[in-house]
Number of protein chains: 4
Amino acid sequence: MTPSPERRRQLLATAAEVFAAQGYSATTVRRIADAAGMLAGSLYYHFDSKDSIVEEILRGFLDELWGGYDAVLGAGLGPRETMQALVTESFREIDRHGPAVAIYQKESAALAARERFAFLAASQRRFETTWLTTLERGGAAGVFRADLDPRLTYRFVRDTVWVAASWYRPDGRHSPEEIARQYLAMVLDGIAVQASEEPDGTAQSIAE
Amino acid sequence: MTPSPERRRQLLATAAEVFAAQGYSATTVRRIADAAGMLAGSLYYHFDSKDSIVEEILRGFLDELWGGYDAVLGAGLGPRETMQALVTESFREIDRHGPAVAIYQKESAALAARERFAFLAASQRRFETTWLTTLERGGAAGVFRADLDPRLTYRFVRDTVWVAASWYRPDGRHSPEEIARQYLAMVLDGIAVQASEEPDGTAQSIAE
Amino acid sequence: MTPSPERRRQLLATAAEVFAAQGYSATTVRRIADAAGMLAGSLYYHFDSKDSIVEEILRGFLDELWGGYDAVLGAGLGPRETMQALVTESFREIDRHGPAVAIYQKESAALAARERFAFLAASQRRFETTWLTTLERGGAAGVFRADLDPRLTYRFVRDTVWVAASWYRPDGRHSPEEIARQYLAMVLDGIAVQASEEPDGTAQSIAE
Amino acid sequence: MTPSPERRRQLLATAAEVFAAQGYSATTVRRIADAAGMLAGSLYYHFDSKDSIVEEILRGFLDELWGGYDAVLGAGLGPRETMQALVTESFREIDRHGPAVAIYQKESAALAARERFAFLAASQRRFETTWLTTLERGGAAGVFRADLDPRLTYRFVRDTVWVAASWYRPDGRHSPEEIARQYLAMVLDGIAVQASEEPDGTAQSIAE
DNA sequence: CATGAATGAGGTTTCATTCAT
DNA sequence: GATGAATGAAACCTCATTCAT
């Protein structure tokens with residue numbers, strides 16, 4: 001009836017929600033099965049193990065994300081535009097796969113230590129390189145402040161964006177692009193009123 | 001239960017480190033005991049349960065933090081100065097009790113749902129009120145931008161600060177006050193070069 | 001249940017090989033299905049259960065074996081010739097249904113305790129009677145040594161023959177009759193050089 | 001009270017009996033625990049896994065056995081005496097650790113395929129070398145028949161001895177040395193009356 | 001204070017079996 | 001005849017917790 005890959009995707013989505021809500025380790029395989037309307041053992045018809053479920057969730061997320069990032073990085077944009085595009089891309093990913101991003105944010109530090117999840121560590125290194133390069137290019141070009149440690153800035157931007165996955169709800173009133181715009185406004189220009197600033201007053205409340 | 005509060009504090013510190021590194025649920029009581037150089041069962045001479053260990057860690061953290069926050073809030077500062085003081089206070093707490101903050105950041109969402117940890121939810125509500133009030137005072141006073149949704153800004157600031165606990169190392173080259181200063185520079189003024197800005201070039205690299 | 005007895009026989013042969021190689025309990029129904037090129041569930045079109053598969057394998061083996069044994073026992077041979085004929089018959093069975101014999105050898109002790117496999121215990125009793133009678137007839141007739149406990153000799157002969165199923169390969173260089181001949185040479189006359197012996201030098205290497 | 005290594009040995013002995021009786025795979029960890037008077041989970045205080053239990057049983061058996069074998073092989077005996085000593089040693093091992101030998105006999109073929117049990121395969125190769133060398137020495141010296149394939153003889157002797165572990169009971173009427181003597185009488189001189197033979201009539205019934 | 005040994009609940013996983021298609 | 005998906009029982013194992021010593 002429903003073709004197999006579709007069922008798999010449903011189950012992965014269900015599992016991702018539970019993992020995101022309870023934490024990977026605190027989530028029992030039975031809770032996932034409950035949420036999917038089946039018995040715990042039945043999950044093993046579709047997946048090898050609990051580990052393989054998160055692995056598939058995280059790989060799917062990273063593959064898609066890097067697809068978007070690579071497109072941005074290959075577009076030959078300036079540093080500020082690159083940053084804007086990367087952040088927008090990230091919020092789109094949060095919009096589409098919020099639970100996967102939340103899992104990534106909360107669990108990858110602990111998981112990355114395990115051989116099976118070495119790809120997480122690899123991806124983290126690529127993130128760092130990507131962002132540092134962009135920030136340093138911006139520093140050299142005079143569009144990003146020179147008085148900030150780029151590694152500190154990198155962590156600031158990285159965490160600030162991903163942590164949004166823990167509260168973002170895709171059914172809110174604003175598109176991911178709109179949220180990205182407001183986030184970028186804060187990250188780039190700060191929340192304080194600047195001497196030269198001309199507030200445009202367009203920002204509105206974002207539903208939780 | 002026992003006469004030696006110093007041993008207790010050592011054990012709590014050890015437990016906090018393990019919890020912070022592995023996650024609460026993924027940490028076994030035996031791992032804590034290993035790290036403390038004793039057998040798992042021996043921990044129960046000092047503590048009632050695993051839950052009571054995190055509880056004590058988190059209560060200790062929150063008590064200390066609110067001590068500092070209340071002092072700031074009672075000092076009659078302006079919104080910008082209040083914000084600066086709160087963020088500085090937070091980094092001091094990260095400096096002193098990094099693992100506790102990391103646990104709070106990662107686990108409190110899941111724990112808060114349980115009766116025993118209702119104090120976490122209460123504290124979260126107090127956080128929200130405190131920050132929203134400060135941000136709104138700042139908005140009314142014209143020191144914080146009016147074009148940003150305060151609830152979005154609140155989450156942005158909150159996450160941005162606490163998440164630092166996951167990478168901050170107390171043995172780094174900079175004092176928590178210095179890190180707070182740089183963080184505030186980013187949050188308040190952004191990472192982009194502003195038209196009116198006079199970079200002072202004092203920021204330096206912060207060791208991980 | 002089904003019209004194709006040939007398919008059934010194929011499946012039984014496949015199952016017997018897997019059981020012989022891995023042991024009955026350690027063999028999963030899925031492994032058998034894999035070896036047969038189908039899914040586990042599909043086996044249940046042909047057989048009622050895993051138990052019924054071994055049962056059929058073992059019954060088939062014992063029926064055929066007793067057919068041969070009964071022919072020998074009814075032929076009115078002397079004890080030494082009876083023994084030679086029984087051993088030869090056994091090696092023919094090993095040749096034709098090696099895996100079934102190996103299963104019988106390894107699993108029948110454990111299976112025989114179960115009601116369903118009572119026929120194994122019955123067959124074992126018949127074996128014992130048959131061999132003991134033959135050996136005792138031979139003792140009385142002076143063709144078998146009188147200084148050996150017949151029950152010990154029985155076990156010696158029985159195990160010595162059946163255990164060969166675990167290494168015998170039907171594609172070796174020697175016919176089962178030839179192997180039986182050499183085995184009988186050892187069992188009857190020993191491996192030591194006898195004072196009166198006239199070695200004929202005909203024995204050759206037997207392929208594994 | 002009872003010191004730890006002693007408890008361990010008790011548990012291993014209990015486990016060995018159950019494994020020998022039911023087969024490794026068919027034995028549940030709970031059955032072992034039942035036999036030991038504890039709960040299944042409690043076994044894991046003493047052992048890492050079911051696998052590690054058999055491993056320890058088999059290693060213990062092989063270590064002890066090779067201790068005895070090496071002493072024999074280093075004694076500079078002739079081939080016939082070497083064979084007699086090895087068989088006697090084997091029956092002593094069956095006497096002391098019957099269940100371990102039975103497990104070895106029934107399970108080692110299947111287990112040896114697994115990395116963890118590679119030591120079984122190694123030991124099997126050493127067995128083969130040891131026996132083949134002895135048999136060939138005997139063939140060259142004219143004490144073992146030259147008309148038999150040594151590899152066939154090797155299997156015959158090997159199986160014939162070990163398989164006795166499946167019926168031997170240490171509380172029987174005969175010492176292991178006495179059983180070895182009778183077994184050697186059969187293996188060396190056969191069960192048939194030889195032309196030159198002088199039966200001494202000393203052999204008696206051996207209780208099962 | 002700490003250990004060694006155990007408990008008991010529950011977790012992940014396996015597996016024979018069923019059944020609609 | 002076979003598949004795909006699921007069931008349910010039971011397997012192995014983990015782990016917080018207890019307690020006599």
Side-chain angles (χ1 to χ4, degrees), chain A residues 1-5 7-8 11 25-33 36-53, chain B residues 1-4 7-8 11 24-33 36-53, chain C residues 1-4 7-8 11 24-33 36-53, chain D residues 1-5 7-8 11 25-33 36-53:
Chain A
M1 193 159 279
T2 9
S4 178
R7 185 85 176 102
R8 229 185 144 71
L11 291 173
S25 178
T27 297
T28 71
V29 120
R30 209 171 89 201
R31 250 191 96 61
I32 299 173
M38 51 169 54
L39 291 179
S42 308
L43 273 178
Y44 289 78
Y45 178 75
H46 301 277
F47 304 100
D48 283 346
S49 64
K50 190 185 168 189
D51 272 358
S52 83
I53 298 179
Chain B
M1 195 184 223
T2 168
S4 168
R7 185 85 177 99
R8 227 184 145 69
L11 291 172
Y24 176 63
S25 177
T27 297
T28 70
V29 120
R30 201 172 113 200
R31 245 189 101 58
I32 298 172
M38 52 169 57
L39 290 181
S42 310
L43 275 177
Y44 287 79
Y45 178 81
H46 301 276
F47 303 100
D48 283 347
S49 66
K50 190 185 169 189
D51 272 357
S52 83
I53 298 178
Chain C
M1 195 184 221
T2 168
S4 169
R7 186 86 176 99
R8 228 184 144 70
L11 290 173
Y24 176 63
S25 178
T27 297
T28 71
V29 122
R30 200 172 115 201
R31 245 190 100 59
I32 298 172
M38 51 170 55
L39 291 179
S42 310
L43 275 177
Y44 287 79
Y45 178 80
H46 302 278
F47 304 100
D48 282 346
S49 66
K50 190 185 169 189
D51 273 356
S52 82
I53 297 178
Chain D
M1 194 157 278
T2 8
S4 180
R7 185 84 176 103
R8 229 184 143 71
L11 291 172
S25 179
T27 297
T28 70
V29 119
R30 208 173 90 202
R31 251 192 94 62
I32 298 173
M38 51 168 54
L39 291 179
S42 308
L43 274 178
Y44 289 81
Y45 177 75
H46 301 276
F47 304 100
D48 282 346
S49 64
K50 190 185 167 189
D51 271 358
S52 83
I53 297 178

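Reckoned from all heavy atoms, side chains included, excluding hydrogens, waters and symmetry mates. The sequence lines fix the lettering, A, B, ..., with proteins before strands; numbering per chain opens at 1.
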Measuring to OP1 and OP2 of [N], would you say a side-chain N or O of [X] lies under 4.0 angstrom away?
X       : N     : result
C:Arg7  : F:dA2 : yes
A:Tyr45 : F:dA5 : yes
D:Arg8  : E:dA5 : no
C:His46 : F:dA2 : yes

> Hey, what do you get for NZ (D:Lys50) to CG (D:Leu43), rounding to the nearest 0.5 Å?
Replying inline: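 The NZ atom of D:Lys50 sits 11.5 Å away from the CG atom of D:Leu43.
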> How many angstroms lie between atom OH of A:Tyr45 and atom CE of A:Met38, to the nearest 0.5 angstrom?
Replying inline: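 It comes to 10.5 Å.
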Does [X] reach a base, just sugar-phosphate, or nothing at all? Heavy atoms under 4.0 Å.
X       : value
B:Thr27 : sugar-phosphate
B:Ser25 : nothing
A:Ser42 : base
B:Val29 : base

Nearest-Å distance, [atom1] ([X]) to [atom2] ([N])?
X       : N      : atom1 : atom2 : value
B:Leu43 : F:dC15 : CG    : C1'   : 13 Å
A:Asp51 : E:dT12 : CG    : P     : 11 Å
D:Lys50 : F:dT14 : NZ    : C1'   : 18 Å
D:Ile32 : F:dA11 : CD1   : P     : 12 Å
C:Phe47 : F:dG1  : CZ    : C1'   : 13 Å

>> Nearest heavy atom decides the nucleotide; on that basis, is A:Leu39 or C:Leu39 closer to the 5' end of DNA chain F?
In response: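 Looking at the nearest nucleotide for each, C:Leu39 comes out on the 5' side.
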> For D:Tyr44 and B:Arg30, take the nucleotide of DNA chain F holding the closest heavy atom to each; which residue's nucleotide lies nearer the 5' end?
Replying inline: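 Comparing both residues, the 5'-ward one is D:Tyr44.
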>> Heavy atoms from C-beta onward define the side chain here; which of F:dA6, F:dC15, E:dA2 lies closest to that of B:Thr28?
In response: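 Closest nucleotide to the B:Thr28 side chain: F:dC15.
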>> Of the listed nucleotides (E:dA5, F:dA6, F:dG4), which one gets closest to any side-chain atom of A:Met38?
In response: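 Closest nucleotide to the A:Met38 side chain: F:dA6.
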>> Quick check: on DNA chain E, is the nucleotide nearest C:Gly41 upstream (toward 5') of the one nearest B:Gly41, or the reverse? Name the residue that is more 5'.
In response: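 Per heavy-atom nearest nucleotide, the more 5' residue is B:Gly41.
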>> Please find the pair of heavy atoms, one from C:Tyr44 and one from C:Ser49, that lie closest to each other, and give the distance.
In response: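 Nearest heavy atoms, C:Tyr44 then C:Ser49: CE2-CA, 3.9 Å.
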>> Testing the basics here: between A:Ser25 and B:Ser25, what is the closest heavy-atom pair and its distance to 0.1 Å?
In response: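 Smallest interatomic distance, heavy atoms only, reads OG-OG, 3.3 Å.
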>> Does the structure show a Watson-Crick or G-U wobble partner for E:dT18, both distances under 3.5 Å? Name it, or say none.
In response: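 Answer to the pairing question: F:dA5, which forms a Watson-Crick or G-U pair with E:dT18.
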>> Is any side-chain heavy atom of B:Ile53 closer than 4.5 Å to one of B:Tyr24?
In response: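 No, every pair of side-chain atoms sits at 4.5 Å or beyond.
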